[in-house]
Amino acid sequence: MLSAEEWSALLLSLRVALWSVAITLVPGIACAWLLARRKFPGKVIVDALVHLPLVLPPVVVGYLLLLCFGRRGPIGGWLYESFGFETAFTWRAAAIASAVMGFPLLVRAARLAIELTDVRIEYAARTLGAGPWRVFWTITLPLSLPGILAGIVLSIARGLGEFGATITFAGNIEGVTRTLPVAIYGYTQVPAGDAPALRLLAISVALSLAALIASEMLARRISRKLGGAA
Amino acid sequence: MIHAAVRLERGDFTLDVDFRAGARATGVFGPSGAGKTTLINLIAGLERPAQGTIAVNGRTLFDSARGIDVPVERRRIGVVFQEHRLFPHYSVKGNLLYGAGRAGRAGAEGDRIIDLLELGPLLARRVHELSGGERQRVALGRALLSNPSLLLLDEPLSSLDLRLRQQILPYLRRVRDLIAMPMLYVSHEISEILQLTDRLLMLDRGKIAGSGSYTDLMHEDAALALVYAQGMTNVIRARVAGHEPGEGFSLLAIAAPGAAPADSAAPPREDARWIAPPCAAAVGAEVLLTLRPTEIALAAERVRGVSIQNQIPGVVTRCTVHDQRVLVTVDVGVPIIAELSRRGAASLELRAGQSIHCLIKSNALAYAGPA
């Protein structure tokens, strides 16, 4: 049903999305916890930085990433000199691009979920001898898990649709960085590309719908839980 | 033993207290906004005093001068909060065992507490399947299983209705009697505290307004005014002397505070027996009675031809005026407080040392539970 090219675009997209979640999960939850539970100088700035990819044009984000991770950029140069590791215009660049674009969505959802977790229950756990780590693992994380999962789903969906930052930072190389949206764009630029473009479009719609429905179901679960706890 | 001398300023509220509390239960009484919960949070380590020292059983938990501030989780102070604060994603058993590891009381000692609070049948339940009273019992058990060296109870019954409170209080009394540890019991209801202890610490607007036994405190104007403003109730310890089921009443003998059950003593005089509504407690058992001050009338002599069943002779020890009402403390073996109108008091020309009769309808006596 799908051509080899189309298959490779789909699989690459899934791989990129999963890697981007793997990259953002721990820093995203840590960041959400800091913003939800701690007061520190410069919190406003951290909050703004986290949200920046949400408001910047994706192409700008891609270009910034290219400047940082390119072979002559500060991070990319160091990676290349030290490990011979190339980032820009590889599938890793696509994963980083979609991670950066999905990060704010994950942090927002996780932060909200942590803020909704009753801090007084955490205090009760501490009076029972639990240190901050144990409180986080046994109380905060389990109670905010549905919200965090919803955030993960949203950021995966965002990653699957990532186009602007990806094409700027990772390019459009078949089988390497040509994700679903990039492939669709490519097919629309050539004659007789309508049929494959439509097929990939259908797959994109299905994936995004599935992600949104999953996210909605998780959100309902959390509100039920909070309603039951009150 | 608790010794706390702390100061905290927050907005226009200042808490500034210096007190010691003993090895058993102490009631912390005061109107809302007096700083009771703040005090509990400071001792537990959930809030930080601006300056001062806090020590429990000789162990310093906080000392601003020496830079000591033991974190909450290492203070070993059990807290039962106003709201149950149980973990909704754990079963009852999971909640109980949360603090029972390492330094806690798992095993046989834990089982003893579970039995004491009758939590056995609840172990497999989820928190949302519990009633309000059951939740507070689990919260109490959870705190005890963490093996604290001090137990703080911050209005643990205030979220419950009156009937449920009377169901939980016996458990609190069992804990008080069977698990020897210092306890601070916070409440703005004096009758609730008196059902547990007569050792009191009174707080008013962030300051100590009095401390000592209830009986002694009721001789201090400030303490009396504070209790009166919050709604005063006499709590009287009595021993069941007999039942008259046919007549629909029980006979009670009043026990002096702190006195051992007087089974060896001579039978009480006839007039020391109170006629009270029928109760289920066995003859010889001790019960706690509550009696509102407004339900007591005073008479200079025995009144004849009156339906009121109890005419208890006593001696006036004190008279004070509060808000156009006169509070008269009468020693009837134990001190009880009667509240009269000024006009009513004036007609008796009350003075300390005067003999008087307290007229109490039997139905004005209510049982608060076993002593």
Side-chain angles (χ1 to χ4, degrees), chain A residues 25 29 32-34 36-41 43 109-152 217-230, chain B residues 37 40-47 61 70-90 94-106 126-130 135-136 138-154 156 159:
Chain A
L25 194 55
I29 293 173
W33 184 84
L34 275 176
R37 283 285 189 259
R38 283 280 175 269
K39 282 182 193 154
F40 52 90
K43 183 169 172 176
R111 176 189 183 169
L112 187 67
I114 292 170
E115 278 173 349
L116 284 173
T117 301
D118 193 345
V119 73
R120 295 173 308 172
I121 290 183
E122 296 179 4
Y123 290 157
R126 293 195 68 191
T127 67
L128 294 167
W133 259 130
R134 185 163 174 230
V135 170
F136 177 79
W137 283 108
T138 58
I139 308 292
T140 319
L141 190 63
L143 287 179
S144 52
L145 200 56
I148 291 175
L149 287 176
I152 291 172
M217 280 163 64
L218 288 167
R220 275 195 200 165
R221 224 188 105 189
I222 197 174
S223 60
R224 231 194 350 256
K225 190 167 190 169
L226 291 169
Chain B
T37 295
I40 291 298
N41 285 344
L42 290 177
I43 296 172
L46 295 169
E47 282 183 68
L61 299 178
V70 177
V72 184
E73 61 270 22
R74 280 194 253 128
R75 291 199 177 194
R76 303 198 36 178
I77 295 180
V79 189
V80 180
F81 300 92
Q82 206 165 333
E83 335 79 35
H84 57 83
R85 299 200 195 181
L86 296 177
F87 309 136
H89 55 308
Y90 279 55
N95 271 281
L96 288 170
L97 293 180
Y98 189 86
R102 277 182 296 178
R105 289 174 159 133
R126 309 289 298 185
V127 172
H128 65 86
E129 298 169 328
L130 301 175
R135 285 176 193 185
Q136 281 306 50
V138 174
L140 177 61
R142 181 176 72 170
L144 290 173
L145 256 77
S146 71
N147 196 15
S149 50
L150 164 68
L151 185 63
L152 305 175
L153 300 127
D154 185 10
S159 62

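Distance CZ/A/Arg126 to CD/B/Glu73: 4.0 Å, rounded to 0.5 Å.
B/Tyr98 touches chain A through backbone and side chain together, each having a heavy atom under 4.5 Å away. Heavy atoms closer than 4.5 Å to chain A are found in the side chain of B/Leu46, but not in its backbone. In this structure, chain A has a heavy atom under 4.5 Å from the backbone of B/Leu86, while its side chain stays farther away.
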(request) Could you please spell out the steps behind the side chain to side chain contact (heavy atoms under 4.5 Å, CB included) verdict for A/Tyr123 and B/Val79? (result) CA-CA 10 Å; A/Tyr123 290 157; B/Val79 189; over 6 Å; no
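Here the side chain of A/Arg37 pairs a donor or acceptor atom with the backbone of A/Ile114 at under 3.5 angstrom.
For the residue pair A/Glu122 and A/Thr117, no side-chain donor N or O sits within less than 3.5 Å of a side-chain acceptor on the partner.
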